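Both counts, for ligands and for their atoms, begin at 1 and track the order of listing. Please read all numbers here as calculations on a predicted model, not as lab measurements.
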Amino acid sequence: MKIMKFGGTSVGKPERMHQVKDLITRDKQKKIVVLSALSGTTNALVGIGEALAEANKELAKERIDSLHSHYLQFYKELLKTEAARSKAEKIIKEHFEFLNIILKISFNEAINRDILAQGELLSTKLFFTLLQELDIPAVFLPALDFMSIDENSEPELKKIAEKVKVILANYPEDQIFITQGYICKNHRNEVDNLKRGGSDYSASLIGAAVSADVVEIWTDIDGMHNNDPRVVDKTRPIAQLSFDEAAELAYFGAKILHPASIWPAQQYNIPVKLLNTMEPDAPGTTITAKEIGSGVKALAAKDGITAIKIKSSRMLLAYGFLRKVFEVFEKYKTSIDMITTSEVAVSVTIDDLSHLDEIVKELEIYGMVEVDKNQTIISVVGNMIAESKGTLAKIMSSISDYPIRMVSYGGSRHNVSLLLDAKYKNEALKSMNEGLFEW
Ligand code: ASP
Ligand code: MG
């Protein structure tokens, strides 16, 4: 069994959906195909929810209608036969009737999540209709029948695995299964989701649940690149990464993969491949437990970082100071990315500013607090880079023109992280690209 996940751009145009059909029928292996919503749809649904949250029904209606016309155009280009088209019309009608009914009832968060689920429901149903039109045998697996999260919004992998196995046992002969990424049920049995970009996470959870041979993440780029292609002209795909390296890169800004999607694959030792629908035979990136290669493999940058420094003369020779500091962040469920300490001060970074004011106020009990917003973390990733001689010097000299606010070194063998003002990010990435890689 393998998992093949296709993102929004891979299903975002009728001709791309046809390509997906080609890709899933290239071999005879049993596969679960996980689809995202058509590109732009989830954003549009978020917009509809926002309009409703502000009680702006007119705007919500406008947005529903504009999305609706997009789908009415889409299915006509996707499907050719009368039978398939009338099926698609019914599907689209059902989902847009639902959205229009919501306009009439009172809005709440649970309904908002129902709205967000429409994208994946539509994409999978339309794709399934295409397979039916082409007489390609496939089974439709509603994700809401097996994907679930607990009260902390954590996926219930054991339950998911049990349910998937029971469902799949009904179809011993079938080869192609179609399901939705992103959506799930929560502990109140309401429709919920795995957060934006969560279809990758779905794919990896399903891969773990069925002990798949491989989880293939199909996108519109030929794998994870060694630097940010939006910033730097010259980048290249990385052929092999370990789970740890990939997790660092995904977390620190490589947009190609949802960071949470690494752990299920890692835990069950299932290789993850990042592949390109436009170049299906390109090798892409393979992520496995193997730690191979040496030296710096890649850079990733994460924006929107805030650094907080707590300076206290009382920290000198004191124990328990760090615990008190961390407890403040824990209390406000704010996770810390980087930490550096000196004898009289500690600096941390966060990216979630929802409780910044409260956090600062409580930290002021322990010392002087300084806040620097608009920072960027550049994460340098590679096998054993933190242990290999000269790497740190090379990193530092590649970025010597820019002031560095924090350095995190030695936390893991695979990573060195640097914090600098966001205004230096692009230039820093370019100069590191020249200094750290052979071209
Ligand atoms: N459709 C969802 C989103 O746009 C999930 C995904 O595509 O991964 O965030
Ligand atoms: Mg994505």
**Request:** Of all the heavy-atom pairs spanning L168 and M1, show the shortest one and how long it is.
**Result:** CD1-CE, 3.5 Å
**Item:** W439 and F437 aromatic ring geometry - parallel, tilted or perpendicular at 30°/60° bounds
**Value:** perpendicular
**Prompt:** Got a salt bridge between R26 and D22, using NZ or NE/NH1/NH2 to carboxylate O under 4.0 Å?
**Reply:** no
**Asked** Aromatic rings F177 and Y171: how do their planes relate, parallel, tilted or perpendicular, breaks at 30° and 60°?
**Response** perpendicular
Could you give the N/O to N/O pairs under 3.5 Å linking ligand 1 and the protein, each with its distance?
from	atom 1	to	atom 2	distance (Å)
ligand 1	1 (N)	T42	OG1	2.7
ligand 1	1 (N)	E120	OE2	2.6
ligand 1	4 (O)	T42	OG1	3.4
ligand 1	4 (O)	R196	NH2	3.0
ligand 1	7 (O)	S36	OG	3.1
ligand 1	8 (O)	G197	O	3.4
ligand 1	8 (O)	G198	N	3.4
ligand 1	8 (O)	S199	N	3.0
ligand 1	8 (O)	S199	OG	3.1
ligand 1	9 (O)	R196	NE	2.6
ligand 1	9 (O)	R196	NH2	3.4
ligand 1	9 (O)	G197	N	2.7

**ring pair (Phe, Tyr, Trp, His ring centres under 6.0 Å) involving H95 - partner list, sequence neighbours excluded** = none
**Request:** Specify whether W218 and F6 have parallel, tilted or perpendicular ring planes, treating 30° as the upper limit for parallel and 60° as the lower limit for perpendicular.
**Result:** parallel
